[in-house]
Undergrad: 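Before I ask anything, let me first share the structure, which is written out below as structure tokens.
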Amino acid sequence: MRHNKGSVLITAYAILLLLTLFGGIFFMRTISERKLYDIDQERLEAFYLAEAGVDRALAELRAGFQTYSGTGSPVSFGKGQYEITVASVSGSLTRKTVTATGYIPSKASPRARREIEAVVKKETPPDFFKHAIYSAGDINLIGNKYKVEGDANGYSDILYADSLNWDVSKDGVESNPPDVDADEQQDASIKPLARLEF
């Protein structure tokens, strides 16, 4: 009987030791998986910051394709920062390389960093240079006599997307109808004037 009591106690201690060991392993694995999840989450957030940088670069390039060169320094946004660099593609006036980098929490001490590079091309609309007036918006002409000469090869002199308005009034008094020597054509598909592709 005494020997059985000792073996039961040893068995109980062995089971307790195994349960403690498995509990410790499970706890360490849970902590490790949580760290991996946090790392993946921060990498994803850094990627989204880089995407935000590309979006901003596209908006800035639409406004000034030849002049915009990037942020120069990191921009704080959400939980981190992004930085944009814009460079001309060698030998091309219509292509630029946009490099956007996202940092979590900052460029100075990043735990996560992601970079996106996009090549942006600015296209000139077809037949852009064959019209005397080419507008993606409204055209308002004030006065009553115009002569507009475009391409002589069958292209319209005035091509517009929205509306063409003639203002022939003078001091609120209607004057003679406009004398216009021009071929005009509306085409809503030319809006916007130039498109960015990447």
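Just so you know, these numbers come straight off a predicted model, no measurement behind them.
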Undergrad: Can you list the residues that meet the salt bridge (Lys or Arg N to Asp or Glu O under 4.0 Å) rule with R111, with sequence neighbours excluded?
TA: E42
Undergrad: Pairs of donor and acceptor atoms involving the side chains of residues 102-110, under 3.5 Å and at least two apart or interchain, shall be tabulated with distances.
TA:
from: Y103; atom 1: OH; to: E83; atom 2: OE1; distance (Å): 3.2
from: S106; atom 1: OG; to: S109; atom 2: N; distance (Å): 3.3
from: S106; atom 1: OG; to: S109; atom 2: OG; distance (Å): 3.3
from: K107; atom 1: NZ; to: E83; atom 2: OE1; distance (Å): 3.1
from: K107; atom 1: NZ; to: E83; atom 2: OE2; distance (Å): 3.1

Undergrad: L44, V54: one ILVMFWY side-chain cluster at the under-4.5 Å cut-off?
TA: yes
Undergrad: Tell me which pairs pass salt bridge (Lys or Arg N to Asp or Glu O under 4.0 Å) where either residue lies in residues 90-99, with sequence neighbours left out.
TA: none
Undergrad: Donor-acceptor pairs under 3.5 Å, side chain of residues 65-72 to any protein atom, not counting sequence neighbours: which ones?
TA:
from: Q66; atom 1: NE2; to: L93; atom 2: O; distance (Å): 3.3
from: T67; atom 1: OG1; to: G64; atom 2: O; distance (Å): 3.4
from: T71; atom 1: OG1; to: S73; atom 2: O; distance (Å): 3.1
from: T71; atom 1: OG1; to: I84; atom 2: N; distance (Å): 3.1

Undergrad: Can you check side chain to side chain contact (heavy atoms under 4.5 Å, CB included) on V86 and V120, steps first, answer last?
TA: CA-CA 10 Å; V86 178; V120 180; over 6 Å; no
Undergrad: Please find the pair of heavy atoms, one from G53 and one from Y82, that lie closest to each other, and give the distance.
TA: CA-CD1, 3.7 Å
Undergrad: Not counting sequence neighbours, which residues clear side chain to side chain contact (heavy atoms under 4.5 Å, CB included) with D138? List them please.
TA: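 Residues passing side chain to side chain contact (heavy atoms under 4.5 Å, CB included) with D138: D162, S163.
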Undergrad: Residues two or more places apart in sequence or in another chain: which of them pass salt bridge (Lys or Arg N to Asp or Glu O under 4.0 Å) with E117?
TA: none
Undergrad: For R113, check salt bridge (Lys or Arg N to Asp or Glu O under 4.0 Å) against everything at least two apart and list the hits.
TA: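 Partners of R113 by the salt bridge (Lys or Arg N to Asp or Glu O under 4.0 Å) criterion, ordered by chain and then number, come out as E115.
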Undergrad: Can you name the closest pair of heavy atoms from A100 and A50 and give their distance?
TA: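 Looking at all heavy atoms of both residues, the closest pair is CB-O, 3.3 Å.
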Undergrad: Return the minimal non-hydrogen interatomic distance between R43 and A112, and the atom names on each side.
TA: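 Result for this residue pair: N-CB, 3.8 Å.
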Undergrad: Sequence neighbours excluded, which residues qualify as side chain to side chain contact (heavy atoms under 4.5 Å, CB included) partners of E51?
TA: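 If we apply the side chain to side chain contact (heavy atoms under 4.5 Å, CB included) test to E51, skipping adjacent residues, the hits are F47, Y48, I116.
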Undergrad: D40: which residues meet the salt bridge (Lys or Arg N to Asp or Glu O under 4.0 Å) condition with it, sequence neighbours left out?
TA: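 Partners of D40 under the salt bridge (Lys or Arg N to Asp or Glu O under 4.0 Å) test: none.
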Undergrad: Could you list all the side chain to side chain donor-acceptor pair (under 3.5 Å) pairs where at least one residue sits in residues 8-30, not counting sequence neighbours?
TA: R29-E33
Undergrad: Not counting sequence neighbours, which residues clear side chain to side chain contact (heavy atoms under 4.5 Å, CB included) with L21? List them please.
TA: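 Only I25 meet the side chain to side chain contact (heavy atoms under 4.5 Å, CB included) criterion with L21.
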